Amino acid sequence: MPELPEVESARATVEAGALGRRIAAVDDTDTWECRPHAPGDIEHALVGRVLTGAFRRGKSMWCETSDVGGEDGSGPVLGIHLGMSGRIVVTDGEGRSIEGGDWLGGRYGRVADQPDRKPEWDRFTLRFADGGELRLFDKRRLGRVRLDPDLSALGPDAQQVELAEFSARVGRGTAPVKARLLDQSVVAGVGNLLADETLWQARISPRRPAGSLAPDDLAVLHAALRAATEAAITHGGVHTGEVIEHRGAGGHCPRCGAELSRATVGGRTTFWCPEEQR
DNA sequence: CCATATGTTAAAAG
DNA sequence: ACTTTTAACATATG
(Lines give C-alpha, C1' and ligand atoms only; values in the text may rest on other atoms or scores of the structure.)
Protein backbone atom coordinates (compact mmCIF):
# COMPACT_ATOMS: atom_id res chain seq x y z
CA MET A 1 0.00 0.00 0.00
CA PRO A 2 2.49 2.60 0.95
CA GLU A 3 2.98 5.68 -1.14
CA LEU A 4 3.05 9.18 0.28
CA PRO A 5 -0.62 9.17 1.40
CA GLU A 6 -0.32 5.86 3.26
CA VAL A 7 2.91 6.93 4.91
CA GLU A 8 1.25 10.16 5.99
CA SER A 9 -1.54 8.13 7.59
CA ALA A 10 1.03 5.97 9.35
CA ARG A 11 2.84 9.06 10.58
CA ALA A 12 -0.41 10.53 11.86
CA THR A 13 -1.20 7.28 13.63
CA VAL A 14 2.14 7.32 15.42
CA GLU A 15 1.65 10.96 16.30
CA ALA A 16 -1.83 10.36 17.62
CA GLY A 17 -1.15 7.18 19.51
CA ALA A 18 2.48 6.48 20.28
CA LEU A 19 4.13 9.67 21.54
CA GLY A 20 5.10 9.99 25.17
CA ARG A 21 4.70 6.30 26.03
CA ARG A 22 7.70 4.70 27.72
CA ILE A 23 9.36 2.01 25.61
CA ALA A 24 9.79 -1.09 27.75
CA ALA A 25 10.98 -3.59 25.12
CA VAL A 26 11.92 -3.76 21.46
CA ASP A 27 11.88 -6.67 19.01
CA ASP A 28 14.52 -5.85 16.42
CA THR A 29 15.48 -9.44 15.62
CA ASP A 30 14.58 -9.25 11.93
CA THR A 31 18.09 -8.67 10.64
CA TRP A 32 16.86 -8.00 7.11
CA GLU A 33 14.47 -5.16 7.89
CA CYS A 34 16.76 -3.76 10.58
CA ARG A 35 19.97 -3.99 8.53
CA PRO A 36 22.71 -2.96 8.98
CA HIS A 37 21.99 -3.06 12.70
CA ALA A 38 22.65 -6.17 14.73
CA PRO A 39 19.85 -7.58 16.89
CA GLY A 40 19.73 -5.57 20.08
CA ASP A 41 21.22 -2.39 18.62
CA ILE A 42 17.87 -0.65 18.22
CA GLU A 43 16.59 -2.20 21.43
CA HIS A 44 19.47 -0.79 23.45
CA ALA A 45 19.06 2.60 21.83
CA LEU A 46 15.35 2.91 22.61
CA VAL A 47 14.43 1.03 25.79
CA GLY A 48 13.65 3.49 28.56
CA ARG A 49 13.00 6.31 26.10
CA VAL A 50 9.85 7.79 24.58
CA LEU A 51 8.94 8.90 21.07
CA THR A 52 8.57 12.68 21.02
CA GLY A 53 7.59 13.43 17.42
CA ALA A 54 6.66 11.73 14.14
CA PHE A 55 7.79 13.21 10.81
CA ARG A 56 7.71 12.35 7.12
CA ARG A 57 9.35 13.28 3.86
CA GLY A 58 8.07 11.48 0.80
CA LYS A 59 7.69 7.84 1.75
CA SER A 60 10.22 7.97 4.59
CA MET A 61 9.13 8.58 8.15
CA TRP A 62 11.08 9.01 11.33
CA CYS A 63 10.49 9.49 15.03
CA GLU A 64 12.48 11.65 17.37
CA THR A 65 13.06 10.34 20.87
CA SER A 66 14.15 11.44 24.30
CA ASP A 67 14.74 10.02 27.73
CA VAL A 68 11.64 10.04 29.90
CA GLY A 69 11.19 13.62 30.95
CA GLY A 70 14.11 14.70 28.77
CA GLU A 71 14.26 17.32 26.08
CA ASP A 72 12.40 16.37 22.89
CA GLY A 73 14.66 14.99 20.18
CA SER A 74 17.65 14.46 22.47
CA GLY A 75 17.71 10.70 21.82
CA PRO A 76 18.43 8.73 18.65
CA VAL A 77 16.14 9.01 15.61
CA LEU A 78 14.11 5.96 14.63
CA GLY A 79 13.71 5.77 10.84
CA ILE A 80 10.96 3.65 9.31
CA HIS A 81 10.27 2.86 5.65
CA LEU A 82 7.19 0.82 4.82
CA GLY A 83 8.58 -0.61 1.60
CA MET A 84 6.04 -2.24 -0.68
CA SER A 85 3.65 -3.70 1.86
CA GLY A 86 4.49 -2.37 5.31
CA ARG A 87 1.87 -0.97 7.67
CA ILE A 88 2.03 0.53 11.13
CA VAL A 89 -0.23 -0.62 13.94
CA VAL A 90 -0.37 1.17 17.28
CA THR A 91 -2.35 -0.43 20.07
CA ASP A 92 -3.49 0.80 23.45
CA GLY A 93 -3.09 -1.11 26.70
CA GLU A 94 -6.13 -3.23 25.88
CA GLY A 95 -4.82 -4.28 22.48
CA ARG A 96 -7.18 -2.07 20.47
CA SER A 97 -5.57 -0.29 17.55
CA ILE A 98 -5.36 3.47 17.48
CA GLU A 99 -5.47 5.35 14.17
CA GLY A 100 -4.86 8.97 13.44
CA GLY A 101 -5.11 11.20 10.42
CA ASP A 102 -7.36 13.51 8.47
CA TRP A 103 -9.03 10.80 6.47
CA LEU A 104 -12.54 9.41 6.69
CA GLY A 105 -14.06 12.44 8.34
CA GLY A 106 -10.97 13.77 10.02
CA ARG A 107 -11.31 12.09 13.37
CA TYR A 108 -8.13 11.88 15.38
CA GLY A 109 -7.31 9.12 17.81
CA ARG A 110 -9.94 6.79 16.42
CA VAL A 111 -9.96 3.28 17.82
CA ALA A 112 -10.55 0.52 15.30
CA ASP A 113 -9.84 -3.12 14.72
CA GLN A 114 -7.07 -4.11 12.37
CA PRO A 115 -8.13 -6.45 9.56
CA ASP A 116 -6.22 -9.33 8.03
CA ARG A 117 -2.73 -9.65 9.30
CA LYS A 118 -0.61 -12.55 10.44
CA PRO A 119 1.65 -12.40 13.50
CA GLU A 120 4.53 -13.82 11.50
CA TRP A 121 4.44 -10.70 9.35
CA ASP A 122 5.39 -8.51 12.31
CA ARG A 123 8.93 -7.42 11.51
CA PHE A 124 9.58 -4.87 14.26
CA THR A 125 7.84 -4.05 17.54
CA LEU A 126 8.07 -1.43 20.25
CA ARG A 127 6.35 -2.58 23.42
CA PHE A 128 5.29 0.24 25.71
CA ALA A 129 5.27 0.11 29.48
CA ASP A 130 1.45 0.35 29.45
CA GLY A 131 1.20 -2.93 27.50
CA GLY A 132 0.43 -1.36 24.14
CA GLU A 133 2.63 -1.72 21.07
CA LEU A 134 3.81 -0.06 17.91
CA ARG A 135 4.23 -2.72 15.26
CA LEU A 136 5.53 -2.71 11.72
CA PHE A 137 3.90 -5.57 9.88
CA ASP A 138 5.07 -6.15 6.38
CA LYS A 139 4.00 -9.09 4.28
CA ARG A 140 6.63 -8.70 1.59
CA ARG A 141 9.42 -7.73 3.94
CA LEU A 142 10.82 -4.91 1.85
CA GLY A 143 10.39 -2.33 4.59
CA ARG A 144 13.22 -1.02 6.69
CA VAL A 145 13.90 0.19 10.21
CA ARG A 146 17.10 1.93 11.20
CA LEU A 147 18.60 4.37 13.63
CA ASP A 148 19.54 7.87 12.49
CA PRO A 149 18.57 7.33 8.83
CA ASP A 150 20.27 9.31 6.09
CA LEU A 151 17.55 11.10 4.13
CA SER A 152 19.86 13.50 2.32
CA ALA A 153 19.25 11.91 -1.08
CA LEU A 154 15.52 12.67 -1.03
CA GLY A 155 14.09 15.48 -3.11
CA PRO A 156 11.48 17.89 -1.73
CA ASP A 157 8.25 16.38 -0.48
CA ALA A 158 5.70 15.93 -3.27
CA GLN A 159 2.91 17.33 -1.12
CA GLN A 160 4.75 20.54 -0.34
CA VAL A 161 7.01 21.31 -3.31
CA GLU A 162 6.22 24.65 -4.98
CA LEU A 163 5.70 25.06 -8.72
CA ALA A 164 9.05 26.69 -9.54
CA GLU A 165 11.13 24.01 -7.89
CA PHE A 166 8.88 21.24 -9.17
CA SER A 167 9.23 22.50 -12.75
CA ALA A 168 13.00 22.86 -12.53
CA ARG A 169 13.43 19.36 -11.14
CA VAL A 170 10.86 17.40 -13.12
CA GLY A 171 10.93 19.23 -16.45
CA ARG A 172 14.33 18.16 -17.68
CA GLY A 173 16.09 15.10 -19.11
CA THR A 174 15.18 12.56 -21.74
CA ALA A 175 13.62 9.99 -19.44
CA PRO A 176 9.83 9.52 -19.55
CA VAL A 177 8.08 11.99 -17.30
CA LYS A 178 6.68 9.12 -15.25
CA ALA A 179 10.22 7.88 -14.52
CA ARG A 180 11.13 11.33 -13.27
CA LEU A 181 8.09 11.50 -11.02
CA LEU A 182 9.05 8.12 -9.57
CA ASP A 183 12.65 9.22 -8.89
CA GLN A 184 12.69 9.95 -5.15
CA SER A 185 15.71 12.24 -5.52
CA VAL A 186 13.73 14.46 -7.90
CA VAL A 187 10.57 14.68 -5.82
CA ALA A 188 9.89 12.46 -2.80
CA GLY A 189 6.68 10.52 -2.33
CA VAL A 190 5.31 9.59 -5.75
CA GLY A 191 4.82 5.87 -6.30
CA ASN A 192 3.50 3.84 -9.19
CA LEU A 193 -0.20 4.39 -8.57
CA LEU A 194 0.04 8.05 -7.62
CA ALA A 195 2.09 8.67 -10.76
CA ASP A 196 -0.54 7.09 -12.98
CA GLU A 197 -3.35 8.99 -11.26
CA THR A 198 -1.49 12.29 -11.47
CA LEU A 199 -0.63 11.91 -15.15
CA TRP A 200 -4.19 10.89 -15.94
CA GLN A 201 -5.59 13.91 -14.14
CA ALA A 202 -3.11 16.14 -15.99
CA ARG A 203 -3.88 14.47 -19.33
CA ILE A 204 -0.17 13.96 -19.97
CA SER A 205 1.27 10.76 -21.43
CA PRO A 206 3.57 8.91 -19.02
CA ARG A 207 5.93 8.37 -21.96
CA ARG A 208 6.51 12.04 -22.75
CA PRO A 209 10.20 12.92 -22.34
CA ALA A 210 10.30 15.05 -19.20
CA GLY A 211 12.32 17.74 -20.93
CA SER A 212 9.66 18.16 -23.61
CA LEU A 213 7.08 19.48 -21.16
CA ALA A 214 6.20 23.17 -21.59
CA PRO A 215 5.86 25.42 -18.55
CA ASP A 216 2.08 25.16 -18.85
CA ASP A 217 2.29 21.37 -18.88
CA LEU A 218 4.40 21.42 -15.74
CA ALA A 219 1.96 23.75 -14.02
CA VAL A 220 -0.91 21.40 -14.82
CA LEU A 221 1.14 18.42 -13.68
CA HIS A 222 2.09 20.16 -10.45
CA ALA A 223 -1.53 21.03 -9.69
CA ALA A 224 -2.62 17.49 -10.51
CA LEU A 225 0.00 16.03 -8.19
CA ARG A 226 -1.08 18.24 -5.33
CA ALA A 227 -4.74 17.44 -5.94
CA ALA A 228 -4.23 13.70 -6.32
CA THR A 229 -2.09 13.57 -3.18
CA GLU A 230 -4.56 15.55 -1.08
CA ALA A 231 -7.48 13.47 -2.34
CA ALA A 232 -5.67 10.23 -1.59
CA ILE A 233 -4.91 11.33 1.96
CA THR A 234 -8.49 12.45 2.51
CA HIS A 235 -10.08 9.35 1.02
CA GLY A 236 -7.77 6.88 2.70
CA GLY A 237 -5.14 5.86 0.15
CA VAL A 238 -3.86 5.98 -3.42
CA HIS A 239 -6.15 3.12 -4.37
CA THR A 240 -9.07 5.57 -4.15
CA GLY A 241 -7.78 7.49 -7.19
CA GLU A 242 -10.30 8.04 -9.98
CA VAL A 243 -8.43 6.07 -12.62
CA ILE A 244 -6.79 3.60 -10.25
CA GLU A 245 -9.83 1.38 -9.88
CA HIS A 246 -9.84 0.99 -13.67
CA ARG A 247 -6.26 -0.24 -13.78
CA GLY A 248 -6.48 -3.79 -14.96
CA ALA A 249 -7.27 -5.97 -17.93
CA GLY A 250 -9.95 -4.35 -20.06
CA GLY A 251 -10.07 -1.19 -17.98
CA HIS A 252 -11.55 1.92 -19.56
CA CYS A 253 -10.97 5.62 -19.06
CA PRO A 254 -13.64 6.88 -16.62
CA ARG A 255 -13.78 10.19 -18.50
CA CYS A 256 -13.95 9.25 -22.17
CA GLY A 257 -14.51 5.50 -22.15
CA ALA A 258 -11.47 4.60 -24.26
CA GLU A 259 -9.72 1.40 -23.35
CA LEU A 260 -6.68 2.11 -21.22
CA SER A 261 -3.25 1.30 -22.63
CA ARG A 262 -0.82 -0.79 -20.65
CA ALA A 263 2.98 -0.88 -20.88
CA THR A 264 6.09 -0.77 -18.74
CA VAL A 265 7.23 2.81 -18.21
CA GLY A 266 9.94 3.79 -15.78
CA GLY A 267 10.32 0.13 -14.96
CA ARG A 268 6.77 -0.21 -13.65
CA THR A 269 3.45 -1.40 -15.05
CA THR A 270 1.66 1.68 -16.32
CA PHE A 271 -1.92 2.36 -17.41
CA TRP A 272 -3.01 5.48 -19.27
CA CYS A 273 -5.71 6.81 -21.58
CA PRO A 274 -4.28 6.86 -25.13
CA GLU A 275 -7.01 9.28 -26.28
CA GLU A 276 -6.64 11.98 -23.65
CA GLN A 277 -3.08 11.70 -22.39
CA ARG A 278 -0.66 13.24 -24.86
C1' DC B 1 6.60 -23.08 -13.15
C1' DC B 2 5.25 -18.27 -14.62
C1' DA B 3 3.65 -13.64 -13.87
C1' DT B 4 2.36 -10.13 -10.80
C1' DA B 5 2.73 -6.87 -6.79
C1' DT B 6 1.52 0.41 -4.07
C1' DG B 7 9.58 0.31 -3.21
C1' DT B 8 14.61 0.92 -3.20
C1' DT B 9 19.08 0.53 -4.97
C1' DA B 10 23.38 -1.30 -6.84
C1' DA B 11 25.20 -2.28 -11.17
C1' DA B 12 25.22 -1.95 -15.98
C1' DA B 13 24.43 0.56 -20.04
C1' DG B 14 24.22 4.64 -22.69
C1' DA C 1 30.71 12.61 -15.11
C1' DC C 2 26.04 12.31 -15.45
C1' DT C 3 21.63 10.12 -16.82
C1' DT C 4 18.78 6.19 -17.70
C1' DT C 5 17.60 1.34 -17.51
C1' DT C 6 17.71 -3.19 -15.62
C1' DA C 7 18.12 -6.63 -12.25
C1' DA C 8 17.96 -8.08 -7.75
C1' DC C 9 16.14 -7.87 -3.30
C1' DA C 10 12.17 -11.15 0.12
C1' DT C 11 7.69 -12.83 0.00
C1' DA C 12 2.96 -13.89 -1.14
C1' DT C 13 -0.63 -14.96 -4.33
C1' DG C 14 -3.21 -16.20 -8.58
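Just the heavy atoms: all of them, side chains too, but no hydrogens, waters or symmetry mates, feed the values below. These numbers were taken from a predicted model, which means no experiment stands behind them. Letters A, B, ... are given to chains in the order of the sequence lines, protein chains preceding strands, and every chain is numbered from 1.
Looking at heavy-atom distances under 4.0 Å, A/Arg35 makes no contact with the nucleic acid at all. At a threshold of 4.0 angstrom between heavy atoms, the contacts of A/Ser85 with the nucleic acid are absent. Counting any heavy atom pair closer than 4.0 Å across all strands shown, A/Arg146 reaches no nucleic acid atom. Among the heavy atoms of the strands lying under 4.0 Å from A/Gly83 are primed sugar atoms or P, OP1, OP2 only; no base atom is included.
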Restricting to nitrogen or oxygen on both sides, can you table the protein-nucleotides 12-14 of chain B pairs closer than 3.5 Å?
none

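A cation-pi arrangement is absent between A/Arg87 and A/Trp121, since the terminal nitrogen or guanidinium carbon is not both under 6.0 Å from the aromatic centre and inside a 45° cone about the axis.
Summarising the geometry, the separation between NE2 on A/His239 and P on B/dA5 is reported as 17 Å, rounded to the nearest angstrom.
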Open item on the list: Run A/Ile80 and A/Val14 through side-chain contact (heavy atoms from CB on, under 4.5 Å) and show every step you take.
Closed with: CA-CA 11 Å; A/Ile80 300 174; A/Val14 172; 5.9 Å; no
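The side chain of A/Asn192 sits closest to B/dT6 out of B/dT6, C/dT13, C/dT11. With B/dT6, C/dT13, C/dT5 as the choices, the nucleotide that has an atom nearest any side-chain atom of A/Ala175 turns out to be C/dT5. Distances were taken from every side-chain heavy atom of A/Trp121 (C-beta onward) to each of B/dG7, C/dT4, C/dA12; the shortest belongs to C/dA12. Side-chain proximity of A/Pro176 to B/dA5, B/dG7, C/dT5: nearest is C/dT5. Among the nucleotides B/dA5, C/dT4, C/dT11, the one closest to any side-chain atom of A/Met84 is B/dA5. Minimum atom distance to the side chain of A/Trp32 is reached by C/dC9, of the listed B/dT6, C/dC9, C/dA12. Distances were taken from every side-chain heavy atom of A/Arg140 (C-beta onward) to each of B/dT6, B/dT8, B/dA5; the shortest belongs to B/dA5. For A/Lys59, the side-chain atoms get nearest to B/dG7 when compared with the rest of B/dG7, C/dT13, C/dT5.
The separation of B/dA11 from C/dA10, taken at their P atoms, amounts to 15 Å, rounded to a whole angstrom. Remark: the separation of the C1' atoms in B/dT8 and C/dT13 is 22 Å, to the nearest Å.
In this structure the side chain of A/Ser74 reaches within 4.5 angstrom of the side chain of A/Ser66, judged on heavy atoms.
Between A/Arg247 and the phosphate of B/dT6, there is a side-chain N or O to OP1/OP2 separation shorter than 4.0 Å.
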